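Note sheet for the following structure.
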Amino acid sequence: MLFKAPRGTHDVLPSEVERWHYIEEVIRKICQEYGYGEIRTPLFEQTELFARGVGESTDIVGKEMYSFKDRGQRSMTLRPECTASVVRAFLEHKLFNDAQPSKFYYQGPMFRYDRPQAGRYRQFHQFGVEAFGSGSPALDVEVLALCDDFFTRLGLHDLRLEINSVGCPLCRSAYSKILMEYCRDRLSEFCTDCRVRYEHNPLRILDCKSEKCAGLVEAAPFLAKSLCDECSEHFDRVLELLNCLDLKFHLNYKLVRGLDYYTKTAFEFMLPEFGSQGSLGGGGRYDNLVETCGGAPTPGVGMAIGIERVILAIEKTDFDFAALRPKKIYVALAGKDMIKEGLLLLQDLRENGVSSDMDFLGRSLKGQMRFADRSGFSFVLILGEQELKEGVVTVREMKSGQQEEILRREIVPQIKARIL
Ligand code: AMP
């Protein structure tokens, strides 16, 4: 084989694309219902946007970005996530002048240079929402309710919502000191990355993927216990409102998430059976991000869900994607010179919204029937010389094998009644 798709990327073939369409439809519908408007941003941005927005000391920026110099020698990066891009667009188009909050959703490919494995790719797709302009805990809960509703509509009932508060810079700086003190005596046992994190951004130690480091901070004091009054009240209110909506959650005081911009609420939807790739989606509040990206102080909250992982999770349930396929009609040509009749019948069917196809390879009738059977057609309409003379079409239902003759002029409404 001369070429293969780059490692960590994959093609979505026509036989698989219906599950994508289905999920995309759910996304559109749910976002419309919750009042989030779609935003489409470029697949690449100035590298600086992500370095600033996501954070220099995160794995995403430090190790996983696809960055390149364009022909004008500007450093560009394929977006590793979309929140920073949405913030950039919000500021660039002065959308803060619209009635607030501004609520956006997006879906599309993201790029991270990571070691590919099941559920972890270099090009993957996310569906996400971002809401700017309100610091109300009710908006955090709306985003969580939207996620829960999305998963429920896709038949994913066994997800575990884990939630924490990562506080604000005020509580974080107090907590960083506590964490540094806790780690100091055993610093030499941490990985090289964590020793650097210790100096520049100690909180990231809690997010280290090495088991050794995870073990070392296992018994570290929790950030949530060092929250300032405002962050503590915010967190209590979020939990109270979740209870009010009967949305189940688990407190996970270790949850910090892999992006630096989070403040206060941080959450993740987990499918424990997926092990280390068990996070289907996550998000939280980021009250300083808009300012970090050059705007006026503007609170924000959002989330992102990985579509590939959602598909893997749905495949483990008994959800029947095949049942979503529209029923298709095959026009079989029996006898010479049936091509014109065939094309006219196809035109008639398609103009009336019926998915249909016919033989273009000059196969025998038997060959055409075999093909129709293998390719999942529900009905075959047989056009032969005899049928033509009598003004009828022979209709064969593939599942039962039953055949009947239907008048040619009646065929479209009759077929529509059977399949739509
Ligand atoms: P994050 O932007 O890191 O908060 O990730 C949000 C969600 O995107 C995760 O919960 C995953 O479902 C998905 N995701 C993140 N990275 C990858 C990846 N490399 N491959 C596939 N899905 C991913």
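Note that ligands are numbered from 1 as they come in the structure, with each ligand's atoms numbered from 1 the same way. Computed from a predicted model, the values in this text were never measured in an experiment.
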Per [atom], closest listed option by heavy atom ([options]):
{"atom": "atom 15 (C) of ligand 1", "options": "Glu64, Arg112, Arg120", "value": "Arg112"}
{"atom": "atom 5 (O) of ligand 1", "options": "Gln126, Glu81, Met110", "value": "Gln126"}
{"atom": "atom 21 (C) of ligand 1", "options": "Pro80, Ala118, Gly119, Ala304", "value": "Gly119"}

So is Leu280 touching ligand 1 or not, going by heavy atoms under 4.0 Å?
yes
Mark the output for Arg309 as yes if a heavy-atom distance to ligand 1 is under 4.0 Å, and as no if none is.
yes
Sub-3.5 Å N/O-N/O distance, [X] and ligand 1:
{"X": "Tyr262", "result": "no"}
{"X": "Gly281", "result": "yes"}
{"X": "Glu308", "result": "no"}

Return the OG to CD distance between Ser134 and Glu142, rounded to the nearest 0.5 Å.
9.5 Å
Looking at every non-hydrogen atom in both residues, tell me the closest pair between Gln123 and His10 and how far apart they are.
O-NE2, 4.1 Å
With ring centroids as reference points, do Tyr36 and Tyr105 lie under 6.0 angstrom apart?
no
Contact partition for [X] relative to ligand 1, non-hydrogen atoms under 4.0 Å:
{"X": "Arg122", "result": "neither"}
{"X": "Phe124", "result": "side chain"}
{"X": "Val310", "result": "neither"}

Ring geometry between Phe111 and Tyr66 (parallel below 30°, tilted from 30 to 60°, perpendicular above 60°):
perpendicular
